[in-house]
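Note sheet for the following structure.
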Amino acid sequence: MLNVVKVGVVQATPVLFDLERSVEVVLSWIKKGAEQNCELLLFPESFLPAYPRGLTFEAMIGRRTEKGRETWLDYWKNSPEVDSEAIRRIQQAVQVAGIMVGLGITEKDPIGGSLYCTLLYIGSDGKILGKHRKLKPTGLERFIWGESDGSSLITLDTRLGKIGGLICWENYMPLARTALYQKGVEIYLAPTADSRESWQSTMQHIALEGRCFVLACNQFVRKSDYPERYQAELSQEPEIMSAGGSVILSPMGEVLAGPLWNQEGLLTAELDFATLAKSKLDFDCVGHYSRPDVFQLTVHGQPDTQKVDR
């Protein structure tokens, strides 16, 4: 049987730098996703506690400042560990809703306390299925987030299909994409903070290249959504700091829902796996179009696809 799976992409605004209230936002959107009969729900990059767009942490080569450390402390205190009460509350809501969730968080490592940009996979029974940490933070992100390794390039073989994903500009890394393609990813998750119109071309290309469904998810954030303590630093920023652009695409590059701009909302679409099968007629980048006699990719530490029934 070829699946038809209903999915949802959440374009929303967290309560920036406030973990507890942001968790409440997540819970409300999980409820909305369940009401729309979604079987899989995706949240944006670093939805908990925020993607700190526009803030500098006063980063300078060779010098740090006390003010920058205070901003870091604020962000750090509101970033959850995976094994934490904040995430357990979300797991409980997922279990009640009975839907799978991909959740973008800034994850605090319990050993040492480094932060990572993480895509957390939660099964429909509320259990953590795995996590992907961003391999290469971009620009000043490298100042606040650590790097991951090949062990983080996970794929899940679920009752909905084979699911995997990359975060934001990791999607510009051809070998990272191929690492997922060669595991047979069918539903490709792409939480991001990139709200440029050009991002749509990247998402369409991945759908066509990987012959997979693509769920691209971003936050909608205004300058006024930031706490008052950061308004002075953001004075030169536009009022709409992230316009969104969330979208759902078919393996033929067709737009199934979105893109959504300048507002919060839940995009939904039905993924017909017959379309995925038909797309392989003339292109399969890891199959009949791959030329393994010429090209081979070895990914150090990449785990085998994990079989799960939820």
Out of R142, K136, K134, R133, which one pairs with E147 under the side-chain hydrogen bond (donor to acceptor under 3.5 Å, both in side chains) rule? K136
Go through the side-chain N and O atoms of Y75 and S46 and say whether any donor and acceptor fall under 3.5 Å apart. yes
Has F283 got more than 12 heavy atoms of other residues, nucleotides or ligands less than 6.0 Å from its CZ? yes
K280, NZ: over 12 other non-hydrogen atoms inside 6.0 angstrom: yes
What are the two closest non-hydrogen atoms of N3 and L160, and how far apart are they? ND2-O, 3.3 Å
Side chains of E233 and T56: do they bring a donor and an acceptor to under 3.5 Å? yes
Are Y51 and S242 close enough that a side-chain donor and a side-chain acceptor fall under 3.5 Å? no
Under 6.0 Å from the CG atom of D282, do we count more than 12 heavy atoms belonging to anything else shown? yes
Side chains of H132 and E170 in contact at under 4.5 Å (non-hydrogen atoms): yes
Using a cut-off of 6.0 Å, state whether more than 12 heavy atoms not belonging to E20 lie near its atom CD. no
Checking ring-ring contact (aromatic ring centres under 6.0 Å, His included) for the pair Y226/Y230: CA distance, chi angles, key distance, verdict? CA-CA 7 Å; Y226 279 76; Y230 296 121; 7.1 Å; no
Heavy atoms from other residues, nucleotides or ligands near CD of Q236 exceed 12 (cutoff 6.0 Å): no
Of all heavy-atom pairs linking N171 and A190, the shortest is ND2-CB, 4.0 Å
Determine which pairs satisfy side-chain hydrogen bond (donor to acceptor under 3.5 Å, both in side chains) with at least one residue from residues 21-32, sequence neighbours left out, and list them in order. E24-R89
Is there a side-chain contact between V9 and Q11, using heavy atoms and a 4.5 Å cut-off? no
Could you list all the salt bridge (charged side-chain N to carboxylate O under 4.0 Å, His left out) pairs where at least one residue sits in residues 286-295, not counting sequence neighbours? R291-D293
